[in-house]
Amino acid sequence: MDEIKIVFPDGSAGQCNYGTTIKEIIASWKKEMLPSIVAAKLNNKPVDLSHPIIEEPAALSLINIEAKEGLEILRHSISHVMAQAVKDLFDGVQITIGPSIEEGFYYDFDYSENFTPEDLTKIEERMREIVAADYPFVRREMSRQEAVSFFRERGETYKVELLNELPEDVRTISLYSQGGYVDLCRGPHIPSTGMIRAFKLLNVAGAYWRGDERNKMLQRIYGTGFATEKALAEYLHIVEEAKKRDHRKLGKELDLFQMNDEAGPGLIIFHPKGARLRNIIEDWERKEHLKRGYEMVIGPQILKADLWKRSGHFDHYRESMYFTEVEDQTYGIKPMNCLAHMLIYKSKIRSYRDLPLRYFELGTVHRHEKTGVLHGLMRARQFTQDDAHILCTPEQLNGEITAIADFVSYAMQVFGFDYDVEFSTRPEKSIGSDEEWEMATAALEGALKINKIEHEVNEGDGAFYGPKIDFKLKDALKRKWQCATIQCDFTLPERFDLSYIGADGEKHRPVMLHRVILGAIERFMGVLIEHHAGAFPVWLSPVQAVLMTVTDKHIPYGEKVYNDLIEAGIRAERDFRNEKLGYKIREAQMQKVPYMLVIGDREMESNKVSPRERSGKDLGATGVDEFIELVREKSAQYQ
RNA sequence: GCCCACGUAGCUCAGUCGGUAGAGCACAUCCUUGGUAAGGAUGAGGUCACCAGUUCAAUCCUGGUCGUGGGCUCCA
């Protein structure tokens, strides 16, 4: 067979000689495209550009460097270049794995010394040399046996381990090399190192071999790469922007909360303004839950350990719980709110006519999170969930899930977020029977299907007592945050022997849903802070307006206006200090207060205020009532 | 919990190759009464995270503890 029929990416037909490489085909077809093509797909299989065409049919499509897939290949190739640079510079380094990840790539190394930030600079320099040398990425295939002895000879024991753990049926192993560096890799890769134009090494971190904490800690170098310098600069700019928005930084600057060494790690102390913000959110929660048929309940903070044994928490969640001894009794400090809700249900005989019962609690829980995971408001040891437990008949399950999904959708709209939905199934460590899990899984999945809710599936990611639907909101920087979740639980009603009397006069087991809407209020506040960069919309602003006098003689009138605003429920503050107006404005601006009300001669004479928006826009002289109305309009969600 | 880095005034940070520290902002007092992002002067403020060790001498070196940050594992 000398001639092979090929189908070009645009669908047109052509032919080439047996063994012609894809690169050669593109060169003769549309040469100008070559610089932006990292790899190709041959009959939908990703391959290198150096791949020869030796089979029919040969349908080609190209992978552009700017496309998601192209970027992944580019980054993966950069990680190989980085590994080469590290091997060149440091003796005795063992390479392990180095994939591309969402925002870049990493490579894990086993090395006796620690890499320093200066080392990163050196590695980058060496990488630039490798890029300048324009080494081709060469694919080589060998048998499993050959590959094992090849890496064993080179002292790359991690690669040998990887090879040994490949499934039996993998017989041929592919290796990629560039400029003397060889790595075990499936590929494809970019044609040569010269194609790399924009990359940066970001930081060094520890990472367990194969992500298992029982294994050795390796050193991971993170980096990122883009098709162009411009795209890299844009990415680095977003990283900077994220740093500026860091809720821990803004929390301090805006005087919202503190974390205090003396109080303990993971414990949040809300300052007046942070407490106000939190109260606004919680008021909104109560109002919305009452509207939707929830009843508010309040459980105790500690419950006897025996009860936690009964619920299964003692066996499955003990490591994350705090315990305390009182009068020879062990009490568990609640890490979840469900127990008291179970006891409320059990306090009397329930009829099917009572269901569904929806118990809502802004429940404060304590979880003994590992120190290394604590992160400002996002990950604390004490936090408050907008938690509810719904007890219903199996038939009602669908409607309840639908209603929750609607609630979440409404909440996200009110707070201004987009979101994704993820569905998680049974994890390894779980309680309950197979049938229960199947029923619960089918119920959640069914509701998603009926309501046509688009979602991803995370196998094995569910809670230990049931499968769950997670809603991940997306903030202004497109970062995802876990907030709402719906978890189906057939186990707890069983363990607590919950029942209701059905229309048939018989006892039946109710089904339970655990759900949160905003999740942890603390985390949600953290997300809000970062989403708005601290400049909250009027309805959420801890301080909605600052009154500022031009001179001391305006203070009496200022006090009168202040009283009017406070009376009307506006969160106003006074800045009547002996400072210039510009100074007061600057301060209010940095505190990101939505309105600054200037009070001088003109306002005093006309009985008005002059609001200046946070944007810098001057609204001109406005009656006090008129201003109150304006703020009310902008706070409609809250009223 | 694990790996690495870090911890200096209320905040942001400088500094001391071992001889008990400094700036800007904030704060206080005084002057100034000034219309849309910093008016001026003076002053107060630190057991250099904590505990040991080495040393004539430790904020600096060593070890430990606590905390913070970036990750890993885990998770609302």
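Model, not experiment: these values are computed from the prediction. Both backbone and side-chain heavy atoms feed into the values below; hydrogens, waters and symmetry mates do not. Convention: sequence-line order gives letters A, B, ...; per-chain numbering from 1.
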[X] side chain near [N] phosphate (N/O to OP1/OP2, under 4.0 Å):
X	N	answer
A:Thr371	B:G1	yes
A:Tyr222	B:C72	yes
A:Arg612	B:A37	yes
A:His375	B:G70	yes
A:Arg248	B:G70	yes

When we call it a touch if two heavy atoms are under 4.0 Å apart, what does [X] touch: a base, just sugar-phosphate, or nothing?
X	value
A:Glu369	base
A:Gly211	sugar-phosphate
A:Glu603	base
A:Arg614	nothing
A:Ala588	nothing
A:Lys216	nothing
A:Asp601	base
A:Val550	base
A:Lys252	sugar-phosphate

Identity of whatever pairs with [N] - Watson-Crick or G-U, under 3.5 angstrom:
N	answer
B:C13	B:G22
B:A37	none
B:G43	B:C27
B:U65	B:A49
B:U54	none
B:C2	B:G71

Taking the [atom1] atom in each of [N] and [M], what is the distance between them to the nearest angstrom?
N	M	atom1	value
B:U16	B:C48	C1'	10 Å
B:U59	B:C6	C1'	15 Å
B:C3	B:G63	P	14 Å
B:A26	B:G46	C1'	16 Å
B:U42	B:U36	P	28 Å
B:G69	B:U12	P	13 Å
B:G71	B:A28	C1'	45 Å
B:G39	B:U20	P	38 Å

Quiz item: [X] side-chain donor-acceptor pair to [N] base, under 3.5 Å:
X	N	value
A:Arg379	B:C74	yes
A:Gln219	B:G71	no
A:Tyr208	B:G71	no

Worked verdict on A:Gln487 versus A:Tyr465 for side-chain hydrogen bond (donor to acceptor under 3.5 Å, both in side chains): CA-CA 8 Å; A:Gln487 306 178 351; A:Tyr465 47 76; 2.3 Å; yes
Taking atom types as modelled, is there a side-chain donor on A:Thr549 or A:Lys584 under 3.5 Å from an acceptor on the other?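 A pair is found: one side chain offers a donor N or O, the other an acceptor, under 3.5 Å apart.
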For a quick check under 3.5 Å, do A:Ser100 and A:Glu72 share a side-chain donor-acceptor pair by atom type?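 Checked: A:Ser100/A:Glu72 side chains show no N/O donor-acceptor pair below 3.5 Å.
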Surrounding CD of A:Glu102 (heavy atoms of other residues, nucleotides or ligands, distance under 6.0 Å), is the total greater than 12?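 No, because the 6.0 Å sphere around CD of A:Glu102 holds 12 heavy atoms or fewer from other groups.
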Starting at [atom1] of [X] and ending at [atom2] of [N], how long is that distance when rounded to a whole Å?
X	N	atom1	atom2	result
A:His247	B:U68	NE2	P	12 Å
A:Met259	B:U68	CE	P	7 Å
A:Tyr106	B:C72	OH	C1'	10 Å
A:Leu581	B:U36	CG	P	6 Å
A:Asn215	B:C72	CG	P	16 Å
A:Asp119	B:A5	CG	C1'	13 Å
A:Asp552	B:C30	CG	C1'	14 Å
A:Ile555	B:G34	CD1	P	14 Å

Between A:Tyr595 and A:Phe627, is the ring centroid distance below 6.0 Å?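 Yes, ring centres under 6.0 Å apart.
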Do A:Lys472 and A:Asp470 sit within salt-bridge range, that is, some charged N less than 4.0 Å from a carboxylate O?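 Salt bridge between A:Lys472 and A:Asp470, a charged N being under 4.0 Å from a carboxylate O: no.
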Pair A:Glu400 + A:Arg358: basic N to acidic O under 4.0 Å: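 Looking at A:Glu400 and A:Arg358, the cut-off is met.
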Using the side-chain heavy atoms of [X], tell me which of these nucleotides is nearest: [options].
X	options	result
A:Lys370	B:U73, B:G35, B:U12	B:U73
A:Val598	B:U36, B:G1, B:C3	B:U36
A:Ala207	B:C72, B:U73, B:A37	B:C72

Please tabulate, one pair per line, each protein N/O and nucleotide N/O from nucleotides 38-45 of chain B that are separated by under 3.5 Å, including the distance.
unit_1 : atom_1 : unit_2   : atom_2 : d
B:A38  : N7     : A:Arg586 : NE     : 3.4
B:A38  : N7     : A:Arg586 : NH1    : 3.2
B:A38  : N7     : A:Arg586 : NH2    : 3.4
B:A38  : N6     : A:Arg586 : NH2    : 2.3
B:A38  : N1     : A:Arg586 : NH2    : 3.0

So does [Y] get a backbone contact from the side chain of [X], meaning a donor-acceptor N/O pair under 3.5 Å?
X	Y	result
A:His554	A:Asp601	yes
A:Glu530	A:Lys243	no
A:Gln589	A:Gly616	no
A:Trp437	A:Ile431	yes
A:His341	A:Glu361	no

Starting from the 5' end of RNA chain B, give me the residue, A:Pro265 or A:Thr485, whose nearest nucleotide shows up first.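 The answer here is A:Pro265.
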Between A:Asp261 and A:Asp212, who's closer to the 5' end of RNA chain B by nearest nucleotide?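 The answer here is A:Asp261.
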